[in-house]
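Any value given below was found using the heavy atoms of this structure, including those in side chains, with hydrogens, waters and symmetry copies removed.
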Amino acid sequence: MKNIFKKTGGMLCLLLTLTMIGCNKQLNQQPLDRFATTEFWTTEDNAYLALVAIYRGNIFTNAPEYTPNDWWGSTGLNWLEMATDNAYPRTGDAGVQNKLTNGTLTSNIGILGNYWSNSYSRIAHCNDFLEHIGSVNMNEARRARMIAEVKFIRASQYFYLSQYFGSAPLIIKVLTPQEANVVTKATHQQLVDFVLAEYTAALPALPRQKDLVTSEIGRASKQACLAFLGRLQLAEGKFADAAISYKTIIDFGDNIIDPNYQSIFLEANENSSENIFSTQYVPNLLGNPL
């Protein structure tokens, strides 16, 4: 019996050892619901998927939204409008939206958190894209265009941060956790200088709006870049520079003021030539929760 027990114990130890080896192998597998970085940045198709994700950002939830989610999201846009005399919340003077402008906004009212945090979420994706796109085997002209689009989107996030928060961290690379914990704010002027430089650098590789095929409507164009550039120049008092930016859009001749304002909001004229940069509604895929 003593010998049998020893043999049984040995078999038990062997089984436990094999089980632990199997568990260790399972734990070391790549996640099944996402690409590993080393495996993802290998094809142009994957690079395009990453670009689409950056455009998407945190805009769409396909569910009711009651608080701001993103600068380009429907609720995020509407809240900014309701903080001005352009719109008025149905909750009246008691609406939290009014606290943005009536002098009662305090730090314990967290309505601005999503604007800030989702800006940096999108910026992080942009930085990751720009650090890896160079290793992808792809057409160089398409690579240059993607890089320009991502630079435009990243610059736009810093445009909003500079205008609404004044100063903010200027992050232009993927950070380690240690680096992220010691980040400091850049000045308002540093943010403005960065945005101006990024828009200027992105402009040459972006297509004109008239050259966007139907499947590309909603992607950044020269006009979109110039329009944001002009907005920043106006905000910073660079009026002569802004006039040049806007005159360039006019001289392209791709955009006009629509003669029928009401039609801009109808499906038949969804992509009026008055539109310069717009989020596209995709039925059953990317809807508008409002």
Side-chain angles (χ1 to χ4, degrees), residues 48 51-62 65 68-82 84 86-87 115 118-119 122 126 145-146 148-160 163 195 198-200 202-235 242-290:
Y48 181 75
L51 177 65
V52 172
I54 290 172
Y55 271 105
R56 186 183 191 277
N58 298 285
I59 295 175
F60 299 103
T61 63
N62 288 323
E65 293 179 35
N69 192 47
D70 188 281
W71 300 109
W72 291 339
S74 54
T75 304
L77 289 167
N78 282 330
W79 271 60
L80 295 178
E81 290 293 288
M82 287 186 285
T84 73
N86 291 338
Y115 287 116
N118 288 336
S119 286
R122 201 192 295 257
C126 289
R145 178 184 175 186
M146 286 187 181
E149 289 177 85
V150 172
K151 283 180 173 287
F152 162 79
I153 294 171
R154 184 176 65 175
S156 296
Q157 302 308 297
Y158 281 119
F159 161 76
Y160 289 114
Q163 298 306 302
V195 175
E198 288 290 276
Y199 283 149
T200 302
L203 193 58
L206 293 173
R208 275 178 52 177
Q209 193 161 345
K210 72 176 183 63
D211 297 324
L212 295 176
V213 299
T214 301
S215 62
E216 295 178 338
I217 296 175
R219 293 177 67 174
S221 63
K222 289 186 187 297
Q223 285 94 325
C225 189
L226 286 164
F228 271 89
L229 176 60
R231 286 181 67 182
L232 181 59
Q233 290 164 335
L234 282 177
I244 294 172
S245 297
Y246 290 130
K247 185 65 162 55
T248 304
I249 296 175
I250 293 171
D251 290 344
F252 279 150
D254 300 347
N255 303 96
I256 62 169
I257 300 298
D258 201 294
N260 186 344
Y261 178 73
Q262 182 183 18
S263 72
I264 297 174
F265 302 93
L266 302 178
E267 186 175 357
N269 195 27
E270 182 180 6
N271 288 305
S272 164
S273 58
E274 181 169 323
N275 296 343
I276 289 181
F277 187 59
S278 60
T279 299
Q280 297 297 294
Y281 164 69
V282 183
N284 302 318
L285 183 59
L286 292 178
N288 184 333
L290 292 183

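- Minimum heavy-atom separation, E198 to A155: CB-CB, 3.7 Å.
- Side-chain contact check for R219 versus R145: some heavy-atom pair is nearer than 4.5 Å.
- Not one N or O on the side chain of Q209 forms a donor-acceptor pair closer than 3.5 Å with the backbone of Q223.
- Residue pairs meeting the salt bridge (Lys or Arg N to Asp or Glu O under 4.0 Å) criterion with at least one partner in residues 259-269, sequence neighbours excluded, do not occur; the list is empty.
- Counting only distance, with no hydrogens or angles, the side chain of R208 and the backbone of D254 share no donor-acceptor pair below 3.5 Å.
- Between S156 and W72 there is a side-chain heavy-atom pair separated by less than 4.5 Å.
- Each salt bridge (Lys or Arg N to Asp or Glu O under 4.0 Å) pair with one or both residues in residues 269-284, not counting sequence neighbours, would appear here, but there are none.
- With hydrogens and angles disregarded, no donor-acceptor distance shorter than 3.5 Å links the side chain of Y158 to the backbone of S119.
- Between F152 and Y199, the ring-plane angle classifies as tilted under the 30° and 60° cut-offs.
- A donor-acceptor pair shorter than 3.5 Å cannot be found between the side chains of N269 and N260.
- Within the 3.5 Å criterion, the main-chain N or O of Y55 finds a donor-acceptor partner in the side chain of R122.
- Across every non-hydrogen atom of L203 and C225, the tightest pair is CD1-CB, 3.9 Å.
- Listed here is the closest heavy atom pair of Y115 and L80: OH-CG, 3.6 Å.
- Nearest heavy atoms, I276 versus S221: O-OG, 4.2 Å.
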